[in-house]
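Right, one structure below, let's go through it.
Letters A, B, ... are given to chains in the order of the sequence lines, protein chains preceding strands, and every chain is numbered from 1.
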Amino acid sequence: MTRYILQRLALLPLLMVVYSFVIFVIIQAPPGDFLTAYVATLASSGSSISQEQIEAWRAQYGLDQPMIVQYWLWVKHLLHGNFGLSLEYQRPNAELIGEQIGLTLALALFSFVLTWAIAIPAGIYSATHPRSLGDHVLTVINYVGVATPNFMLALILMWVAFAYFDLSVTGLYSPEYADAPWSWAKLADLMAHLWLPALVLGIAGTARLSRVMRANLLDELNKPYVVTARAKGMKEWRLVLRYPVRLAFNPLISTIGWYLPMLFSGSLIVATVMNLPNIGPLLLRALVNQDMYLAGGILLIYSFLTIVGTLLSDILLALADPRIRVEG
Amino acid sequence: MTAIDPLLSVRDLRVSFALDEGLVRAVDGTSFDVLSGQVLGVVGESGCGKSVTMRAILQLVERPGRITHGAIRFRRDDGIVDLAQLEPRGAAMREIRGGEIALIPQEPMAAFSPVHTVGEQIIEAILLHSHRWQAGRALSRREARDITVGLFRDVGISMPEQRVDAYSWQLSGGLRQRAMIAMALSCKPRLLIADEPTTAIDVTTQAQVLALLRDLQARYDTAIIFITHDLGVIAQMASYVVVMYLGRVMEEGPVDDIFHAPKHPYTQALLRSIPSLHGKTRVALPVISGALPHPFNRPTGCPFHPRCPDAMDRCSAAVPKPMPVAANQLASCFLHHDEAEP
């Protein structure tokens with residue numbers, strides 16, 4: 001097991017090199033660069049800038065170099081822990097990402113906990129009461145949840161909240177707290193705003209997870225070991241939780257690691273629609289403006305977390321399932 | 001018919017499954033007795049209702065199945081209790097299940113949870129019924145573990161201390177079935193239901209497991225209901241035999257009488273289809289003509305009459321009652337008596 005983990009860790013740097021190159025190439029792929037986008041923005045607002053000034057900047061940021069040289073410069077800085085400067089904001093990228101990360105994490109963790117806390121009990125109930133009224137009701141809710149795109153749900157909820165309850169649910173703070181220093185009142189205000197985006201972000205995942213849990217558990221409930229446990233005289237709910245639920249849960253453990261990159265990135269479309277101050281809109285803006293070092297930095301952290309998350313899942317699964325632990 | 005009170009007495013048991021396609025009467029008026037310390041063999045083709053009958057005794061019939069009629073009287077220290085009247089998930093039934101009546105299931109491969117050690121699963125059973133080992137006080141985990149190691153030794157598992165911590169998939173088929181037997185015996189049951197315990201394992205191991213069961217039965221004086229479709233196994237194990245067909249008892253009697261003087265045409269046909277060492281080779285084995293009827297189309301009258309070589313007009317009109325046909329033998333057949341079920 002230890003050997004397996006070490007092997008996977010040894011592979012990590014190689015994967016990161018490949019990812020960083022692919023990310024860089026893709027970000028570079030659209031025609032033009034940050035400065036052409038910048039000039040276009042200026043032109044649309046009526047002001048202009050001299051050609052010499054642009055060329056000077058282009059030289060300063062190394063944008064006149066061939067792509068491979070630019071890539072090398074970027075990687076060299078990354079190796080020193082330097083994520084570079086955002087061209088648009090003229091501030092270090094690490095700082096920009098750092099400002100958003102706290103709320104991104106809070107939002108994502110909240111929706112993760114909400115997803116699992118609702119989906120697992122709902123799945124267990126559905127599987128242990130198949131074809132009951134409760135099961136049918138949950139099934140319908142789940143289908144709607146899976147089938148509705150979450151940005152659509154976000155728009156509908158925002159409209160309902162605004163039109164019927166006179167609530168503004170965009171953003172994470174009420175206007176009076178937006179720039180206020182941290183206080184208990186601000187935290188309470190944050191929590192009051194957090195649950196709706198968390199629910200919107202989590203609803204499709206909740207529906208999918210509870211369907212998977214239901215299907216897994218239904219399979220497990222028909223296994224002979226359940227009859228064995230019943231024949232021992234165990235209490236039904238205890239038996240269900242101890243044996244089939246435990247086994248039905250294993251396939252889900254392998255997906256827990258996928259949440260790690262999601263925790264970091266936030267949901268781009270939903271966050272943009274709901275005007276949430278997390279990494280999602282930051283990445284979108286960086287991509288639109290060809291602020292390539294900021295976009296590259298975000299995507300690179302995202303890739304890193306994906307790899308680590310997958311590894312983490314594998315380790316968790318091995319801990320939970322002796323069939324993998326002993327043979328692996 | 002017996003002077004002694006039976007340990008278990010099943011009377012006119014009916015179990016049906018309400019499926020979308022219709023009602024399947026899997027057990028349709030089955031009656032038999034089990035005496036203390038007796039090994040009762042139950043034989044019949046696949047789908048004849050033997051397993052469902054045993055599930056019914058343990059109140060483990062799964063939905064949409066339901067016990068619709070009949071009594072399952074079980075003798076305990078404090079009197080006789082009708083298991084058919086108990087709540088399947090209630091405390092009284094759980095007390096008996098695993099404690100006084102234990103099950104050895106059909107497939108040892110899948111009968112243990114793969115993510116818990118076999119020891120853990122047996123210890124759990126012991127702790128659930130710990131008063132059967134120690135009156136007045138609950139056993140500790142440590143004590144339950146020691147009992148498990150002792151049981152493993154009793155059922156012939158070598159290195160029991162290590163095997164207790166093994167997972168079921170680390171054990172061979174024979175060892176798994178031995179561990180299953182250890183689990184069934186873990187609470188000193190009065191009655192053991194062995195549901196085709198040797199079907200899924202190879203012949204050599206099968207012989208060892210049968211020898212083990214015989215030995216344990218003699219040592220603990222546990223009554224065993226032994227279900228199988230293998231008449232050879234019945235001949236080795238049982239002292240009394242019940243022959244079932246389509247959820248009804250066709251014939252019952254002491255093992256020697258059933259094998260040497262079968263009365264019911266179905267029993268006779270079953271016995272004819274056993275290959276013999278002394279018979280002519282290269283001759284087709286006699287088979288029972290026709291096929292097992294579809295469960296939704298139960299024949300009227302005697303369930304066996306469409307396949308019976310001796311069927312008479314009356315057989316399709318009335319259901320024959322099990323009646324004495326010899327000293328200790330009952331048969332449900334109009335060839336031997338005229339009594340029909342009401």
Side-chain angles (χ1 to χ4, degrees), chain A residues 1 124-136 213-214 216-254 314-328, chain B residues 20 51 54-55 57-64 88-118 120-129 132 165-170 179-180 183-184 186-187 189 193 195 200:
Chain A
M1 189 66 208
I124 293 174
Y125 177 86
S126 275
T128 48
H129 302 77
R131 300 199 216 172
S132 67
L133 181 67
D135 180 31
H136 286 308
M213 186 66 196
R214 178 185 188 271
N216 287 356
L217 188 55
L218 274 178
D219 277 353
E220 293 298 331
L221 282 170
N222 288 323
K223 298 268 173 80
Y225 67 81
V226 178
V227 176
T228 312
R230 251 182 222 135
K232 279 196 273 199
M234 286 180 81
K235 279 199 179 107
E236 185 69 14
W237 63 268
R238 226 192 118 184
L239 166 169
V240 168
L241 290 183
R242 189 168 153 79
Y243 294 105
V245 166
R246 168 78 197 277
L247 275 121
F249 211 74
N250 277 354
L252 299 180
I253 290 177
S254 56
D314 289 350
I315 295 171
L316 282 176
L317 191 60
L319 289 178
D321 194 334
R323 285 170 295 185
I324 293 168
R325 185 169 67 236
V326 178
E327 281 162 15
Chain B
D20 293 341
S51 287
M54 299 310 136
R55 293 276 170 94
I57 293 172
L58 285 162
Q59 281 279 16
L60 284 178
V61 179
E62 269 156 56
R63 271 179 296 181
R89 292 179 179 181
M93 192 63 230
R94 282 189 284 108
E95 170 83 38
I96 293 170
R97 206 189 284 149
E100 295 183 47
I101 307 179
L103 175 75
I104 301 177
Q106 206 160 9
E107 295 170 81
M109 316 297 155
F112 281 112
S113 153
V115 300
H116 301 82
T117 63
V118 287
E120 209 178 313
Q121 294 174 67
I122 298 173
I123 289 167
E124 185 176 44
I126 295 172
L127 292 176
L128 273 172
H129 304 280
R132 296 192 67 82
D165 295 319
Y167 293 97
S168 64
W169 38 268
Q170 293 173 313
M180 207 67 239
M183 168 131 86
S186 69
C187 301
I193 297 176
D195 188 357

### Task
Calculate, to the nearest 0.5 Å, the distance between atoms CG and CD belonging to L239(A) and E124(B) respectively.
8.0 Å

### Within-4.5 Å side-chain heavy-atom neighbours: D321(A) and I253(A)
no

## Note on the structure
To the nearest 0.5 Å, atom CD1 of I57(B) lies from atom CE of M54(B) at 4.5 Å

### Task
Tell me, for P105(B) versus chain A, whether the close heavy atoms (under 4.5 Å) come from the side chain, the backbone, both or neither.
side chain

### Query
Quick one: which residues of residues 242-251 of chain A reach chain B at under 4.5 angstrom, heavy atoms only?
R242(A), Y243(A), R246(A), L247(A), N250(A)

### Message
For R97(B), is there any backbone N or O sitting under 3.5 Å from a side-chain donor or acceptor partner on H129(B)?
### Response
yes

#### Entry: Nearest-0.5 Å distance that lies between atom OG in S254(A) and atom CG in L317(A)
5.5 Å

#### Entry: Expected output: side-chain R132(B) to main-chain S186(B) donor-acceptor under 3.5 Å
no

### Query
Between CZ of R214(A) and CG of D219(A), what distance do you get to the nearest 0.5 Å?
10.5 Å

#### Entry: Under 4.5 Å from any heavy atom of chain A - which part of Q106(B)
neither

#### Entry: I124(A) vs M213(A) side-chain heavy atoms within contact, under 4.5 Å
yes

### Query
Side chain, backbone, both or neither: which part of E95(B) has an atom under 4.5 Å from a heavy atom of chain A?
neither

### Query
Side chain, backbone, both or neither: which part of A110(B) has an atom under 4.5 Å from a heavy atom of chain A?
both

### Query
Most heavy-atom pairs under 4.5 angstrom with chain A, which of A111(B), A125(B), S168(B)?
A111(B)

### Approximate separation, where rounding is to 0.5 Å, of L241(A) CG and K235(A) NZ
12.5 Å

### Query
Between L60(B), T117(B), L58(B), I193(B), which residue shows the highest count of heavy-atom pairs closer than 4.5 Å to chain A?
L60(B)

### Message
Quick check: do M180(B) and T228(A) have side-chain heavy atoms less than 4.5 Å from each other?
### Response
yes

## Note on the structure
Those residues of residues 128-135 of chain A that come under 4.5 Å of chain B on a heavy-atom basis, listed by number, are T128(A), R131(A)

### Query
Does some side-chain heavy atom of V115(B) sit less than 4.5 Å from a side-chain heavy atom of P322(A)?
yes

### Message
Below 4.5 Å, heavy-atom pairs only: which of A229(A), A320(A), G233(A) has the largest tally toward chain B?
### Response
G233(A)

### Message
Within the structure provided, determine whether D314(A) and I324(A) are in side-chain contact (heavy-atom separation under 4.5 Å).
### Response
no

### Query
Is R94(B) reaching over with its side chain to a backbone N or O of R89(B), donor-acceptor style, under 3.5 angstrom?
yes

### Task
Nearest 0.5 Å please: distance from the CE atom of M234(A) over to the CD atom of E236(A).
9.5 Å

### Query
Which bit of F112(B) is near chain A, if near means a heavy-atom gap under 4.5 Å: side chain, backbone, both or neither?
backbone

### Query
Using non-hydrogen atoms only, which part of M183(B) is less than 4.5 Å away from chain A: side chain, backbone, both, or neither?
side chain

